[in-house]
Amino acid sequence: MQKTAREFEVVVWGASGFTGKLTAEYLLARYGVAGVLRWAIAGRSAAKLEAVRDDIARETGCAASALPILIGDGDDDAFLDTLTPRTQVVCTTVGPYAKYGSKLVAACVANGTDYCDLTGEVHWMQRMIETHQDAAAESGARIVFTCGFDCIPSDLGAFFLQREMRTRHGVACSRIQYRVAGFSGGASGGTVASMLLMMEEAERDPAVMRTMNDPYALNPKSERSGPDAPERTSAAWDGDFQQWTAPFVMAGINTKVVRRTNALLGYAYGKAFRYDEAILMGAGPLGLAKAVATSVGTAAMMGAMRIGPLRRAVSGRLPQPGDGPSKQKREAGYFDIHLRGEHPTDASKSLRGRIHGDRDPGYGSTSKMLGESAVCLAKDAISVAGGCWTPASAMGERLLTRLGENAGVTFSIGE
Ligand SMILES: NC(=O)c1ccc[n+]([C@@H]2O[C@H](COP(=O)([O-])OP(=O)(O)OC[C@H]3O[C@@H](n4cnc5c(N)ncnc54)[C@H](OP(=O)(O)O)[C@@H]3O)[C@@H](O)[C@H]2O)c1
C-alpha cells in the first residue's frame, strides 16, 4: 500500500548524531538531493545540522546545499505534530529511544506517518507496541523498529532461509541457527548510552528485567509462549557447526524480533519454530578456551552493568554521545554470519546460508540498512497496513533486494 505524496518522502531525525550523520551521508551518496528522493535532515541544532550538510557534501562529493534542514526539539509535542505530517517516513537515530523516542512514535501514529529506527530497547518496544498498535492500525502508520545490525541480519536472514526452504522443499525450517563467524567494528556513545539506560531501568524495575528475559516478550500479548528458552549464557558445543560457541550479546534482542516476525506472519515458520544465536569460536581445546573466556567475559560485563556504582564507574571510560568508530575502522569493518535451517523431517535437506556485510556492523552497515529501510517504506509497494511491524514482516522481499543491490549486505545459500 503506497501513501499519498507528502512534502518529503524521508526525514532523517537526529542527523547531527553519529549514526544519523552516516545515514544522511549514505542517502546523499545514493539518492542525491531533490532528485529520486525528496528528503530532509532534522534535529534540534541548526548550527550542527548545517555543519553536517557541509561535511556530507565534502565526504561524498555530492552537492547538498539544497538539502532542507528542519529544526525542533524531540520533547516538543507541538513541533512533532507539525513535523510528522510533512513527511511520509521519519527515520530516527535519536536514542536512547526509551528516553527520547516515545513522543515521536506517538506523533507518527497520530499523523499516519511511517517510522523506522535503530532501537534495541526491548522493554520500550514492548511498551510502544502495547500503547500504539491499535491506533497505528487505524491511522495507517507503519512503525518499524530495529532497522540496524540489530535486527535486520537476523530477521531478514531467517526470512530468507525460510523462503529458500519453502521454494526448494515446500516446507518451513523447523529450526534456524544464526552463528556469528566474524565481525570487525566498534561502539558509539549513543549505543553505550542506550545499553546503560536499559540496565538502569532493569535495576529500578524488575518488570523490565523480566521482559528482557522473556524469549517471546515482543509477541502479541496473548501469544507469548513457544518452544524456545531464554538465551544461553554459557559456552556450548554446536555439533551442527562442529565448533564451540559463546553467547552473542545481541541475541536477546534479535531472537525476540525473529519470533515476533513469525507471529506477525501468521506463524509462517510454524508454531514449533525454534531460533537461536551464538558466536562461533572454533573447534578443539583452543575453541573451548575462547568460548569459555568470551562467555565469562560477557556474563561479567552484563553483571557489572546491572549494578549502579559499577555501571557509573565504567561508563566514563566508554564512548560518549556523538563519538563512534573512525571512518578507517568502519571501512575496514565487516560482518559474516552463518545460518543453518533445519528441514523438519529430512536432515539431508537442511540448508546452510550466509549473510555478509561490507562495512562494520554497528555504523557503516547499520546506516545503509536504516537508510534503505526508510526508502523502502517510502517508495516500495509493500503490502502491510498500519501497525507495529518488524523489518521482515513489513518489508521482507523488497528490503532483501534493496540491501543486496545497494547496501552491501548479501544473503546467500551455501557454506
Ligand atoms: N540497532 C543498531 O544496530 C544500532 C546501531 C547504531 C546505533 N544504534 C542506536 O542509535 C541511537 C543513536 O546512536 P548514536 O551513537 O548515533 O547517538 P548520538 O551520536 O548520541 O546521537 C544522538 C542524536 O540524538 C539527538 N537528540 C538528543 N536529544 C534530542 C532532542 N531532545 N531533540 C532532538 N534531538 C535530540 C542528538 O542531537 P544533538 O546533536 O543536538 O545533541 C543527536 O543527533 C542509539 O540509541 C543507539 O543505541 C543502534
Side-chain angles (χ1 to χ4, degrees), residues 11-26 41-53 55 69-80 83-84 90-104 107 116-122 124-125 144-156 180 183 185-199 201 248-254 256-257 315 318-325 330 333 335 357 359-371 373 390-391 407 409:
V11 166
V12 180
W13 175 239
S16 58
F18 189 77
T19 323
K21 181 177 172 183
L22 292 177
T23 306
E25 187 179 313
Y26 172 72
I41 53 176
R44 60 183 169 175
S45 159
K48 282 189 184 179
L49 289 171
E50 278 160 18
V52 164
R53 189 168 59 183
D55 286 353
I69 290 178
L70 313 174
I71 302 299
D73 195 292
D75 206 32
D76 179 348
D77 297 290
F79 165 72
L80 293 176
L83 172 76
T84 51
V90 173
C91 167
T92 170
T93 58
V94 175
Y97 293 87
K99 193 169 178 185
Y100 301 125
S102 304
K103 289 186 174 185
L104 178 62
C116 55
D117 75 12
L118 292 178
T119 187
E121 295 147 75
V122 171
W124 178 74
M125 272 188 272
V144 190
F145 304 110
T146 65
C147 294
F149 182 61
D150 37 304
C151 304
I152 280 186
S154 308
D155 199 24
L156 282 188
V180 181
F183 67 94
S188 73
T191 297
V192 168
S194 300
M195 277 181 65
L196 293 174
L197 181 67
M198 199 152 72
M199 290 307 180
E201 295 196 8
F248 178 42
V249 74
M250 295 302 174
I253 303 160
N254 295 336
K256 293 177 182 58
V257 170
S315 66
L318 298 172
Q320 300 302 306
D323 297 339
R330 294 193 308 270
F335 61 89
R359 290 284 185 278
D360 75 300
Y363 304 93
S365 283
T366 282
S367 55
K368 297 197 279 182
M369 291 189 263
L370 179 65
S373 300
T390 57
V409 179

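Atoms within each ligand, like the ligands themselves, are counted from 1 in listed order.
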field: Closest contact, heavy atoms only, M125 versus G120
entry: CE-C, 4.2 Å
Distance-minimising heavy-atom pair for V94 and Y100: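 Shortest heavy-atom contact: CG1-CB, 3.6 Å.
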If you count the atoms of ligand 1 from 1 in the order shown, which ones are under 4.0 Å from a heavy atom of [X]?
X	result
T19	6 (C), 7 (C), 13 (O), 14 (P), 15 (O), 16 (O)
S194	44 (C), 45 (O), 46 (C), 47 (O)
G362	5 (C), 6 (C)
G17	19 (O), 21 (O), 42 (C), 43 (O)
G14	43 (O)
S188	14 (P), 15 (O)
G322	18 (P), 19 (O), 20 (O)

[atom] [closest protein heavy-atom partner, distance rounded to 0.1 Å]:
atom	result
atom 7 (C) of ligand 1	T191 OG1, 3.4 Å
atom 32 (N) of ligand 1	G74 N, 2.8 Å
atom 27 (C) of ligand 1	R44 NH2, 3.6 Å
atom 12 (C) of ligand 1	T93 O, 3.1 Å
atom 26 (N) of ligand 1	V94 CG1, 3.5 Å
atom 17 (O) of ligand 1	G190 CA, 3.3 Å
atom 31 (N) of ligand 1	D73 OD1, 3.1 Å

Test item: [X] and [Y] side chains (from C-beta on) under 4.5 Å apart, heavy atoms:
X	Y	value
C116	C147	yes
L104	V90	yes
L70	L83	yes
R330	L22	yes
V257	F145	no
V144	S373	no
C151	K256	no

Check whether any N or O atom of [X], backbone or side chain, sits under 3.5 Å from an N or O atom of ligand 1, and answer yes or no.
X	result
D150	yes
F149	yes
A15	no
K48	yes

- prompt: Between L118, I152, L22, D360, which one has a non-hydrogen atom sitting closest to atom 4 (C) of ligand 1?
  reply: L118
- request: Nearest heavy atom to atom 19 (O) of ligand 1 wins, so pick from F145, F18, W13.
  value: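 Of the listed residues, F18 has the closest heavy atom.
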message: Can you tell me which portion of P321 lies within the under-4.0 Å heavy-atom range of ligand 1? Options are side chain, backbone, both, or neither.
response: both
message: Looking only at side-chain N and O atoms, does Y97 offer a donor or acceptor that is under 3.5 Å from a partner on T92?
response: no
